[in-house]
Amino acid sequence: MMSFSIAFSQALEMTAYVGIKSQEEQYDYLSIQKISEKLNIPIPSIKKISSLLTKNGILRSKTGIYGGLRLAKQPKEITVYDVLMAIEGTGQLFEVHKDFDTSAFVHQDRVNRWLENSSKVLNQAEEAMLTVLKKTSLEDIGDMSE
């Protein structure tokens, strides 16, 4: 089973938490300390993740006594895909091992066809997943629980 880094799920939790708290309690910026305490994510991890999210236009940060983090856009404008790309980058999800000698097989054409078809299946799976993530916003996720 493939997996993304824990930072991806932490980034989703952070963006959702910041968005919800700013709507519920009218916070302008939510402190990193408070986010750390409530989500049980170490401050160094929050700083690293928030830096990536800020760089990618998902969060805004402000220093100082009234500083912290806030969403850079409305929750409906931030997709799960946006968060994924900010944290994990744009690399391919599946890579097929093709670096072996097909001449060791009697039916090389069958092996090559199998490799080609397995790559197609994995590419289709990746496209399907990315399509779902691109059309799912933070607001959509919040509405799913109601």
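On a predicted model such as this, the values are computed, not experimentally measured, just so you know. Excluded from the calculations below are hydrogen atoms, water molecules and symmetry mates; all remaining heavy atoms, backbone and side chain alike, are included.
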| request: Establish whether Ile6 and Ile87 are linked, either directly or via other cluster members, by ILVMFWY side-chain heavy-atom contacts under 4.5 Å. | output: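 The answer is no; the residues belong to distinct hydrophobic clusters.
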
| Are Leu53 and Ile43 co-members of a hydrophobic cluster defined by side-chain heavy atoms under 4.5 Å apart? |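 Per the 4.5 Å side-chain linkage, Ile43 and Leu53 are co-clustered.
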
Sidechain-backbone polar pair: [X] side chain, [Y] backbone, donor-acceptor under 3.5 Å:
X      : Y      : value
Asp82  : Thr79  : yes
Asn123 : Lys120 : no
Gln10  : Ile46  : no
Ser22  : Gly19  : yes
Ser51  : Lys47  : no
Thr54  : Ser50  : yes

Taking all atoms of both residues into account, what is the closest heavy-atom pair of [X] and [Y], and its distance?
X      : Y     : result
Arg70  : Asp28 : NH1-OD1, 2.6 Å
Ser137 : Pro75 : CB-O, 3.6 Å
Ala86  : Leu52 : O-CB, 3.7 Å
Leu12  : Thr15 : O-OG1, 3.0 Å

Less than 4.5 Å apart, any side-chain heavy atom of [X] and any of [Y]?
X      : Y      : answer
Leu84  : Leu130 : yes
Leu59  : Tyr29  : no
Tyr17  : Lys34  : yes
Ser118 : Val121 : no
Leu39  : Met14  : yes
Ile35  : Ile41  : no
Glu127 : Gln124 : no

| Spacing of Leu138 atom CG and Lys76 atom NZ [to the nearest 0.5 Å] |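 Reported value, rounded in 0.5 Å steps: 13.0 Å.
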
| field | Straight-line distance of Met129 CE to Thr131 OG1, nearest 0.5 Å | value |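 One gets 10.0 Å once the value is rounded to the nearest 0.5 Å.
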
| Does a sphere of radius 6.0 Å around CG in Asn117 hold more than 12 heavy atoms from other residues, nucleotides or ligands, not counting ones at 6.0 Å or beyond? |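 Atom CG in Asn117 is packed in, count exceeds 12.
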
| Taking everything shown except Lys73 itself, do over 12 heavy atoms lie less than 6.0 Å from its NZ? |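 For Lys73, atom NZ is crowded (more than 12 foreign heavy atoms under 6.0 Å).
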
| Which other residues belong to the hydrophobic cluster containing Tyr66, where Ile, Leu, Val, Met, Phe, Trp and Tyr are joined when side-chain heavy atoms lie under 4.5 Å apart, directly or via other members? |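 Besides Tyr66, the hydrophobic cluster comprises Ile65, listed by chain and residue number.
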
